[in-house]
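I have placed the structure first, in the form of structure tokens, so that the comments after it can refer back to it.
All residue numbers refer to positions in the sequence shown, counting from 1.
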Amino acid sequence: MGRDVPALVFTREDRRRYRDKMHSCLDVLAQMLHESGFESERPRVGLEIELNLVDDDGLPAMRNTEVLNAIADPAWSSELGRFNLEINIPPRELTTGGPGAWEEAIRQALNHADERARAVGARLIMVGILPTLRESDVGEAALSGDPRYKLLNEQIFAARGEDLRIRVDGVERLSMYADAITPEAACTSTQFHLQVDPKDFADYWNAAQAIAGVQIALAANSPFLFGKELWRETRVPLFEQATDTRPQEIKAQGVRPRVWFGERWITSVFDLFEENVRYFPALLPICDEENPQEALDAGRIPELGELTLHNGTIYRWNRPVYAVTDSGPHLRIENRVLPAGPTVADIIANGAFYYGLTRALVDEDRPVWTRMSFAVAEENLHAAARDGIDARLYWPGTGEVPVTELVLRRLLPLAHRGLELAGLDAAWREPLLGIIEQRCVTARNGALWQAETVHHLQKAGIPDRGEALRRMTTTYMDYMHLNAPAHTWPVD
């Protein structure tokens, strides 16, 4: 939810008008899809990275306002917590300059921002969950100063009517209550964007859903939360619980959660926006002045403001995005399953795997989503989040197998083929997908390195978990800046 919103008190009339406007937006979207009025000749990719702020000791630094002022770049923005920032990397065509140029642009932007952050006493770290974060760091006072976050917090708790219950049973157990949504700020992600032609949207979204579990297993990087070792990608259960508007009784009735995998394969992007309106009450019923039907009839491109704002408060792991740019309206998929980090090299490799594999799966004669139940795809996601690179996942034609075997034997060749179809030759593909290959060969990723390092430190004479996590975090930052893929990091 990247839009600025004012501090408001909503009335029943606000909610009724907003619902009417959303239905009007849906009608206009359906008309636009029928008339094929979308920009799709030069599809582009994009990237957002959420980061944490720490001090020199690796502890959370509640300084995002000062750091943003120091960076002074519109590509950077606040996130939910005062210890968070986000960078929006400019979109580009996948083959423009090659992956090396994209990686270099990202590294330069991050290094510049980190230099500016150090000038005000903070450092940047890309990690799924900041290992040194404590429960005391995520109270309401940790909310960023932007009014939209306070408003969102108020509306979620108004819908719930009670404190948030967060419980994760993993290697260890975490059970707590929260009186603010700030625990969600612990979840920092990498979000890949893929612009697609409306007629191809359903196939690409279905493909992205089918591989979500594989993505998480390979890239897991969030094994610790509030001092506890939990799932390999603890972001998944934490995010699902930290934004839940449903009290227990509503959950028992089968009401859908706002962090949502979905419940079916789709046939059109319209299915997703229509589900949003049908299933989810508005959290922020703020109406724009625009009449979308009048705008379309007058030959203007409607912003569909109510529909897009509502979409931003429903946290699908693969979110549909409608946007208007200078070149016209377009549709894209926002792939939200991956954690931040560990390095830019890892992120670019994850992107190459995602873009290549989805392209290849869409190109198959018998798409994977016609041979695999949607429920199994969701089960894969949670199994991968729990077990990381040691997960066993289901795939049509192989059954339930170790994810490393699945990737090496079946999916990595497909990813190569997909990137080749997209115009990336072997000289560009091999270094990127080689990182994915070596993760599978070594069965190592960021989550495993974090856990093994903490265990090593505790056995080596640092029994205090908090101190072991702090030392691991500062070492992590050193390796992050070296940009060597995480599977190569030594445990010492």
Side-chain angles (χ1 to χ4, degrees), residues 1-3 21-48 88-94 96 191-212 260-262 264-280 288 290 292-293 295-296 299-337 351 354-355 357-359 361-363 367 369 418 421-422:
M1 189 198 70
R3 290 174 56 178
K21 285 289 296 285
M22 282 200 295
H23 281 283
S24 178
C25 287
L26 267 182
D27 291 341
V28 169
L29 177 63
Q31 184 177 342
M32 293 176 70
L33 291 169
H34 178 71
E35 295 172 353
S36 302
F38 287 86
E39 198 274 323
S40 59
E41 290 184 3
R42 297 180 298 107
R44 298 189 292 175
V45 298
L47 173 65
E48 296 173 82
N88 193 328
I89 305 297
R92 63 195 295 139
E93 292 182 51
L94 186 60
T96 300
Q191 297 156 22
F192 288 106
H193 291 252
L194 175 62
Q195 182 183 333
V196 295
D197 189 300
K199 65 180 174 56
D200 298 325
F201 189 98
D203 287 350
Y204 274 96
W205 188 85
N206 289 341
Q209 292 285 97
I211 67 169
W260 198 33
F261 187 75
R264 62 189 174 106
W265 307 117
I266 65 170
T267 58
S268 166
V269 64
F270 186 82
D271 295 349
L272 301 178
F273 285 106
E274 194 271 337
E275 285 178 347
N276 289 354
V277 175
R278 177 160 30 119
Y279 295 143
F280 298 99
D288 290 349
E290 177 188 73
Q293 189 64 60
L296 187 63
R300 302 192 303 272
I301 301 170
E303 296 286 342
L304 306 184
E306 293 78 18
L307 197 68
T308 58
L309 177 59
H310 187 54
N311 185 52
T313 65
I314 298 159
Y315 306 98
R316 295 177 185 271
W317 292 110
N318 285 290
R319 176 189 278 165
V321 177
Y322 167 90
V324 179
T325 66
D326 292 341
S327 57
H330 71 257
L331 293 168
R332 64 182 189 265
I333 297 169
E334 182 185 27
N335 179 249
R336 303 165 51 84
V337 303
Y354 166 69
Y355 291 130
L357 185 54
T358 51
R359 173 64 185 270
L361 292 176
V362 166
D363 199 52
W369 55 91
L421 290 170

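- Of all heavy-atom pairs between Asn276 and His310, the closest is O-NE2, 3.0 Å.
- With sequence neighbours excluded, the residues satisfying side chain to side chain contact (heavy atoms under 4.5 Å, CB included) with Arg92 are Val45, Thr96, Ala101, Trp102.
- We find the CG-CE distance between Leu307 and Met22 to be 7.5 Å, quoted to the nearest 0.5 Å.
- Using a 4.0 Å cut-off between a side-chain N of Lys or Arg and a carboxylate O of Asp or Glu, Arg264 and Glu275 qualify as a salt bridge.
- Side-chain atoms of Pro292 and Lys21, non-hydrogen and from C-beta on, do get closer than 4.5 Å to each other.
- Using a distance-only test at 3.5 Å, with no hydrogens or angles considered, a donor-acceptor pair links the side chain of Asn206 to the main chain of Ala202.
- Here the side chain of Asp197 pairs a donor or acceptor atom with the backbone of Lys199 at under 3.5 angstrom.
- Going from atom CG of Leu309 over to atom SG of Cys25 covers 10.5 Å, rounded to the nearest 0.5 Å.
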Side-chain atoms of residues 321-328: list all donor-acceptor pairs with protein atoms under 3.5 Å, sequence neighbours left out, distances to 0.1 Å.
{"from": "Tyr322", "atom 1": "OH", "to": "Pro302", "atom 2": "O", "distance (Å)": "2.5"}
{"from": "Thr325", "atom 1": "OG1", "to": "Ser327", "atom 2": "N", "distance (Å)": "3.4"}
{"from": "Thr325", "atom 1": "OG1", "to": "Ser327", "atom 2": "OG", "distance (Å)": "3.1"}
{"from": "Thr325", "atom 1": "OG1", "to": "Gly328", "atom 2": "O", "distance (Å)": "3.3"}

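- For Tyr355, the ring pair (Phe, Tyr, Trp, His ring centres under 6.0 Å) partners are Phe192, not counting sequence neighbours.
- Using a 4.5 Å heavy-atom threshold, the side chains of Asn318 and Glu334 count as separate.
- Taking 4.5 Å as the limit, every side-chain heavy atom of Thr313 sits out of range of all side-chain heavy atoms of Phe280.
- For the pair Leu304 and Glu290, the tightest heavy-atom approach, listed with the atom from each and the gap, is N-OE1, 3.4 Å.
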Please evaluate residues Trp260 and Trp317 with respect to the criterion side-chain contact (heavy atoms from CB on, under 4.5 Å), reporting the C-alpha separation (whole Å), side-chain torsions for both, the decisive distance (0.1 Å), and the verdict.
CA-CA 7 Å; Trp260 198 33; Trp317 292 110; over 6 Å; no
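- With sequence neighbours excluded, the residues forming a side chain to side chain contact (heavy atoms under 4.5 Å, CB included) with Asp203 are Val362, Trp369, listed by chain and number.
- With a 4.5 Å cut-off on side-chain heavy atoms, Asn335 and Arg319 do not count as touching.
- Here Ile333 contributes atom CD1 and Thr358 contributes atom OG1; the two are 7.5 Å apart, rounded to the nearest 0.5 Å.
- Not a single side chain to side chain contact (heavy atoms under 4.5 Å, CB included) links Asp27 to another residue, sequence neighbours left out.
- For Val196, the side chain to side chain contact (heavy atoms under 4.5 Å, CB included) partners are Leu194, Phe201, Tyr204, not counting sequence neighbours.
- Side-chain contact between Gln195 and Leu331 is absent, with no heavy atoms from C-beta onward closer than 4.5 Å.
- The shortest heavy-atom contact between Asp288 and Glu306 is N-OE2, 2.6 Å.
- Between Pro329 and Met32 there is a side-chain heavy-atom pair separated by less than 4.5 Å.
- When all heavy atoms are compared, the tightest approach of Gly262 to Arg316 is CA-NH1, 4.4 Å.
- Between Asn311 and Pro320 the shortest heavy-atom distance is ND2-O, 2.6 Å.
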Walk me through whether Trp205 and Val269 qualify under side-chain contact (heavy atoms from CB on, under 4.5 Å).
CA-CA 8 Å; Trp205 188 85; Val269 64; over 6 Å; no
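- Between Val277 and His23 the shortest side-chain heavy-atom distance falls below 4.5 Å.
- The shortest distance between side-chain heavy atoms of Ser268 and Asp271 falls below 4.5 Å.
- The CG atom of Leu94 lies 13.0 Å from the CZ atom of Arg44; values are rounded to the nearest 0.5 Å.
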